[in-house]
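Here is the structure we will look at.
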Amino acid sequence: MSDPGLTALEAEVTTCRRCPRLVDWREQVAREKRAAFKDDTYWGRPIPGFGDPAARVLILGLAPAAHGANRTGRVFTGDRSGDFLFAALHRTGFANQPTSVSRDDGLQLTDAWITAAVRCAPPANKPTPTERDTCLPWTVAELDHVKHVRVVVCLGAFAWDAALRLRAALGHPPPRPRPKFGHGALWYDDDNSGWVLLGTYHPSQQNTFTGVLTEAMLDDVLRTAREVAG
Ligand code: SF4
(Lines give C-alpha, C1' and ligand atoms only; values in the text may rest on other atoms or scores of the structure.)
Protein backbone atom coordinates (compact mmCIF):
# COMPACT_ATOMS: atom_id res chain seq x y z
CA MET A 1 0.00 0.00 0.00
CA SER A 2 1.91 3.07 -1.18
CA ASP A 3 -0.64 5.82 -0.44
CA PRO A 4 0.58 7.39 2.84
CA GLY A 5 -2.98 8.40 3.69
CA LEU A 6 -4.10 4.78 3.45
CA THR A 7 -1.14 3.64 5.51
CA ALA A 8 -2.04 6.15 8.23
CA LEU A 9 -5.68 5.08 8.09
CA GLU A 10 -4.69 1.43 8.38
CA ALA A 11 -2.66 2.24 11.50
CA GLU A 12 -5.66 4.01 12.95
CA VAL A 13 -8.30 1.42 12.12
CA THR A 14 -6.26 -1.49 13.43
CA THR A 15 -6.29 0.01 16.92
CA CYS A 16 -10.03 0.72 17.01
CA ARG A 17 -11.90 -0.43 20.13
CA ARG A 18 -15.27 1.22 19.59
CA CYS A 19 -17.36 -1.98 19.87
CA PRO A 20 -16.80 -3.61 23.28
CA ARG A 21 -18.50 -6.90 22.39
CA LEU A 22 -16.41 -7.35 19.25
CA VAL A 23 -13.17 -6.29 20.97
CA ASP A 24 -13.78 -8.96 23.63
CA TRP A 25 -14.59 -11.61 21.03
CA ARG A 26 -11.74 -10.94 18.59
CA GLU A 27 -9.23 -11.00 21.47
CA GLN A 28 -10.72 -14.07 23.13
CA VAL A 29 -10.54 -16.00 19.83
CA ALA A 30 -6.95 -14.80 19.36
CA ARG A 31 -5.98 -16.06 22.81
CA GLU A 32 -7.79 -19.39 22.71
CA LYS A 33 -7.13 -20.22 19.01
CA ARG A 34 -8.35 -23.21 17.04
CA ALA A 35 -6.29 -26.37 17.56
CA ALA A 36 -5.21 -26.44 13.90
CA PHE A 37 -3.66 -22.97 14.32
CA LYS A 38 -2.27 -23.31 17.83
CA ASP A 39 1.23 -22.28 16.69
CA ASP A 40 0.00 -19.16 14.88
CA THR A 41 0.08 -15.70 16.40
CA TYR A 42 -3.41 -14.43 15.77
CA TRP A 43 -3.91 -10.87 14.54
CA GLY A 44 -6.86 -10.31 16.90
CA ARG A 45 -7.49 -6.72 15.75
CA PRO A 46 -9.63 -4.89 13.18
CA ILE A 47 -8.99 -5.74 9.54
CA PRO A 48 -8.23 -2.89 7.12
CA GLY A 49 -9.25 -2.93 3.47
CA PHE A 50 -6.88 -4.45 0.94
CA GLY A 51 -6.20 -4.12 -2.75
CA ASP A 52 -5.58 -1.59 -5.49
CA PRO A 53 -6.15 2.02 -4.38
CA ALA A 54 -7.01 2.86 -8.00
CA ALA A 55 -9.74 0.19 -8.05
CA ARG A 56 -13.00 0.72 -9.90
CA VAL A 57 -14.49 -2.39 -8.26
CA LEU A 58 -15.15 -2.45 -4.53
CA ILE A 59 -15.86 -5.89 -3.08
CA LEU A 60 -17.77 -5.58 0.15
CA GLY A 61 -18.01 -8.47 2.60
CA LEU A 62 -19.75 -8.90 5.92
CA ALA A 63 -17.08 -9.22 8.61
CA PRO A 64 -13.78 -11.04 9.25
CA ALA A 65 -13.86 -14.75 10.06
CA ALA A 66 -12.72 -15.64 13.58
CA HIS A 67 -9.97 -18.02 12.41
CA GLY A 68 -9.50 -16.46 8.95
CA ALA A 69 -8.80 -12.73 8.78
CA ASN A 70 -8.84 -12.42 12.56
CA ARG A 71 -5.92 -14.84 12.53
CA THR A 72 -3.98 -13.63 9.47
CA GLY A 73 -4.72 -9.89 9.55
CA ARG A 74 -5.87 -9.61 5.93
CA VAL A 75 -9.43 -9.54 4.70
CA PHE A 76 -10.73 -12.95 3.48
CA THR A 77 -7.30 -14.48 4.05
CA GLY A 78 -6.88 -17.92 5.59
CA ASP A 79 -10.38 -19.34 5.37
CA ARG A 80 -12.53 -21.26 2.91
CA SER A 81 -14.60 -18.24 1.85
CA GLY A 82 -11.41 -16.43 0.95
CA ASP A 83 -10.06 -19.46 -0.91
CA PHE A 84 -13.19 -19.41 -3.07
CA LEU A 85 -13.17 -15.65 -3.57
CA PHE A 86 -9.49 -15.21 -4.41
CA ALA A 87 -9.50 -18.15 -6.81
CA ALA A 88 -12.36 -16.40 -8.65
CA LEU A 89 -10.51 -13.07 -8.57
CA HIS A 90 -7.50 -14.78 -10.12
CA ARG A 91 -9.56 -16.50 -12.84
CA THR A 92 -11.15 -13.19 -13.75
CA GLY A 93 -7.89 -11.23 -13.79
CA PHE A 94 -8.25 -9.17 -10.61
CA ALA A 95 -5.61 -11.09 -8.60
CA ASN A 96 -2.05 -12.09 -9.47
CA GLN A 97 -2.38 -15.46 -7.71
CA PRO A 98 -5.24 -17.80 -6.80
CA THR A 99 -4.43 -18.19 -3.10
CA SER A 100 -4.40 -15.91 -0.12
CA VAL A 101 -2.79 -17.31 3.01
CA SER A 102 -0.96 -14.51 4.83
CA ARG A 103 -0.22 -10.79 4.71
CA ASP A 104 3.17 -11.42 3.13
CA ASP A 105 2.25 -14.04 0.52
CA GLY A 106 2.77 -11.71 -2.46
CA LEU A 107 -0.90 -11.35 -3.36
CA GLN A 108 -1.71 -8.23 -5.37
CA LEU A 109 -5.02 -7.05 -6.72
CA THR A 110 -5.59 -4.97 -9.82
CA ASP A 111 -8.72 -2.82 -10.15
CA ALA A 112 -10.31 -4.34 -7.02
CA TRP A 113 -10.43 -3.24 -3.40
CA ILE A 114 -11.80 -5.61 -0.77
CA THR A 115 -13.18 -4.56 2.55
CA ALA A 116 -15.80 -5.64 5.07
CA ALA A 117 -18.82 -3.78 6.41
CA VAL A 118 -17.67 -4.65 9.94
CA ARG A 119 -13.94 -4.93 10.59
CA CYS A 120 -13.82 -7.12 13.68
CA ALA A 121 -14.80 -10.78 13.85
CA PRO A 122 -18.27 -11.07 15.40
CA PRO A 123 -19.60 -14.02 17.42
CA ALA A 124 -21.50 -16.41 15.13
CA ASN A 125 -20.61 -14.15 12.18
CA LYS A 126 -23.43 -11.84 13.20
CA PRO A 127 -22.65 -8.21 13.93
CA THR A 128 -25.43 -6.14 15.48
CA PRO A 129 -26.95 -3.17 13.62
CA THR A 130 -25.23 -0.86 16.10
CA GLU A 131 -21.85 -2.47 15.37
CA ARG A 132 -22.48 -2.17 11.64
CA ASP A 133 -23.29 1.52 11.99
CA THR A 134 -20.36 2.15 14.32
CA CYS A 135 -17.94 0.64 11.82
CA LEU A 136 -19.31 2.33 8.69
CA PRO A 137 -17.22 5.53 9.09
CA TRP A 138 -14.06 3.48 8.60
CA THR A 139 -15.24 2.50 5.12
CA VAL A 140 -16.24 6.09 4.41
CA ALA A 141 -12.71 7.12 5.38
CA GLU A 142 -11.19 4.40 3.21
CA LEU A 143 -13.18 5.55 0.19
CA ASP A 144 -11.68 8.98 0.64
CA HIS A 145 -8.47 7.34 -0.60
CA VAL A 146 -9.95 4.73 -2.95
CA LYS A 147 -11.58 7.34 -5.12
CA HIS A 148 -12.39 5.62 -8.39
CA VAL A 149 -15.01 3.09 -7.30
CA ARG A 150 -17.72 2.56 -9.90
CA VAL A 151 -19.14 -0.84 -8.96
CA VAL A 152 -19.76 -2.28 -5.51
CA VAL A 153 -19.91 -6.07 -5.52
CA CYS A 154 -21.94 -6.94 -2.43
CA LEU A 155 -21.20 -10.37 -0.97
CA GLY A 156 -24.61 -11.23 0.46
CA ALA A 157 -27.65 -9.30 1.65
CA PHE A 158 -25.89 -7.79 4.69
CA ALA A 159 -23.26 -6.23 2.43
CA TRP A 160 -25.95 -5.00 0.01
CA ASP A 161 -27.65 -3.23 2.88
CA ALA A 162 -24.32 -1.88 4.11
CA ALA A 163 -23.53 -0.54 0.63
CA LEU A 164 -26.78 1.41 0.61
CA ARG A 165 -25.97 2.79 4.06
CA LEU A 166 -22.47 3.64 2.89
CA ARG A 167 -23.89 5.50 -0.06
CA ALA A 168 -26.17 7.45 2.30
CA ALA A 169 -23.20 8.22 4.55
CA LEU A 170 -21.47 9.66 1.49
CA GLY A 171 -24.36 12.09 1.09
CA HIS A 172 -26.76 10.40 -1.34
CA PRO A 173 -30.41 10.12 -0.30
CA PRO A 174 -31.86 6.60 0.13
CA PRO A 175 -33.28 5.30 -3.16
CA ARG A 176 -37.04 4.70 -3.42
CA PRO A 177 -38.07 2.01 -3.95
CA ARG A 178 -35.26 0.33 -2.10
CA PRO A 179 -33.33 -1.92 -4.52
CA LYS A 180 -33.61 -5.60 -3.64
CA PHE A 181 -30.66 -7.90 -3.10
CA GLY A 182 -30.34 -11.02 -5.20
CA HIS A 183 -27.58 -12.99 -6.86
CA GLY A 184 -26.79 -11.07 -10.03
CA ALA A 185 -28.96 -8.10 -9.00
CA LEU A 186 -27.72 -4.91 -10.62
CA TRP A 187 -28.75 -1.49 -9.47
CA TYR A 188 -27.71 1.63 -11.33
CA ASP A 189 -27.80 4.70 -9.16
CA ASP A 190 -30.10 7.32 -10.65
CA ASP A 191 -28.89 9.91 -8.15
CA ASN A 192 -25.63 10.15 -9.99
CA SER A 193 -23.43 8.97 -7.14
CA GLY A 194 -21.62 7.10 -9.87
CA TRP A 195 -22.11 3.72 -8.22
CA VAL A 196 -23.56 0.50 -9.50
CA LEU A 197 -24.45 -2.16 -6.93
CA LEU A 198 -24.01 -5.76 -7.99
CA GLY A 199 -25.19 -8.58 -5.73
CA THR A 200 -23.77 -12.04 -5.31
CA TYR A 201 -24.39 -14.80 -2.82
CA HIS A 202 -21.72 -14.79 -0.16
CA PRO A 203 -18.88 -17.27 -0.81
CA SER A 204 -19.43 -18.95 2.57
CA GLN A 205 -19.05 -22.70 2.85
CA GLN A 206 -22.78 -22.88 3.45
CA ASN A 207 -23.27 -21.60 -0.10
CA THR A 208 -20.26 -23.03 -1.90
CA PHE A 209 -20.45 -26.56 -0.48
CA THR A 210 -24.12 -26.82 -1.36
CA GLY A 211 -23.85 -25.45 -4.90
CA VAL A 212 -25.92 -22.36 -4.10
CA LEU A 213 -22.89 -20.40 -5.30
CA THR A 214 -20.69 -22.08 -7.91
CA GLU A 215 -17.36 -20.97 -9.33
CA ALA A 216 -19.02 -20.10 -12.63
CA MET A 217 -21.64 -17.96 -10.88
CA LEU A 218 -19.07 -15.90 -9.00
CA ASP A 219 -16.86 -15.58 -12.10
CA ASP A 220 -19.84 -14.23 -14.03
CA VAL A 221 -20.50 -11.61 -11.36
CA LEU A 222 -16.86 -10.49 -11.34
CA ARG A 223 -16.74 -10.28 -15.13
CA THR A 224 -19.94 -8.25 -15.09
CA ALA A 225 -18.37 -5.93 -12.51
CA ARG A 226 -15.47 -5.25 -14.83
CA GLU A 227 -17.73 -4.64 -17.82
CA VAL A 228 -20.00 -2.30 -15.89
CA ALA A 229 -17.02 -0.42 -14.45
CA GLY A 230 -16.28 0.52 -18.04
FE1 SF4 B 1 -13.86 -0.52 15.52
FE2 SF4 B 1 -15.24 -1.48 13.46
FE3 SF4 B 1 -14.01 -3.13 15.14
FE4 SF4 B 1 -16.17 -1.78 15.94
S5 SF4 B 1 -16.09 -3.36 14.34
S6 SF4 B 1 -14.24 -2.05 17.09
S7 SF4 B 1 -15.87 0.18 14.82
S8 SF4 B 1 -13.04 -1.63 13.77
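Each residue takes its place number in the sequence, starting with 1. Ligands are counted one by one from 1 in listed order, and the atoms in each one are counted from 1 as well.
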Establish, from distance only, whether the side-chain atoms of Arg45 and Thr15 form a donor-acceptor pair under 3.5 Å.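 There is no such pair (donor and acceptor under 3.5 Å, judged by atom type) between the side chains of Arg45 and Thr15.
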
Polar protein atoms near atom 2 (Fe) of ligand 1 [N, O or S; cut-off under 2.8 Å]: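 Protein N/O/S atoms under 2.8 Å of atom 2 (Fe) of ligand 1: Cys135 SG.
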
So, are Glu10 and Arg74 salt-bridged, with charged N and O less than 4.0 Å apart? no

Run the salt-bridge test on Arg17 and Glu27 with the 4.0 Å N-O cut-off and return the result as yes or no.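 Yes, this pair counts.
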
For a salt bridge (Lys or Arg N to Asp or Glu O under 4.0 Å) check, start with the C-alpha distance between Glu32 and Lys38, then their side-chain angles and the critical distance, and finish with the verdict. CA-CA 8 Å; Glu32 295 178 353; Lys38 67 178 171 35; over 6 Å; no

Centroid separation His67 to Tyr42 less than 6.0 Å: yes

Got a sec, which pairs hit side chain to side chain donor-acceptor pair (under 3.5 Å) with one end in residues 208-230, sequence neighbours left out? Arg91-Asp219

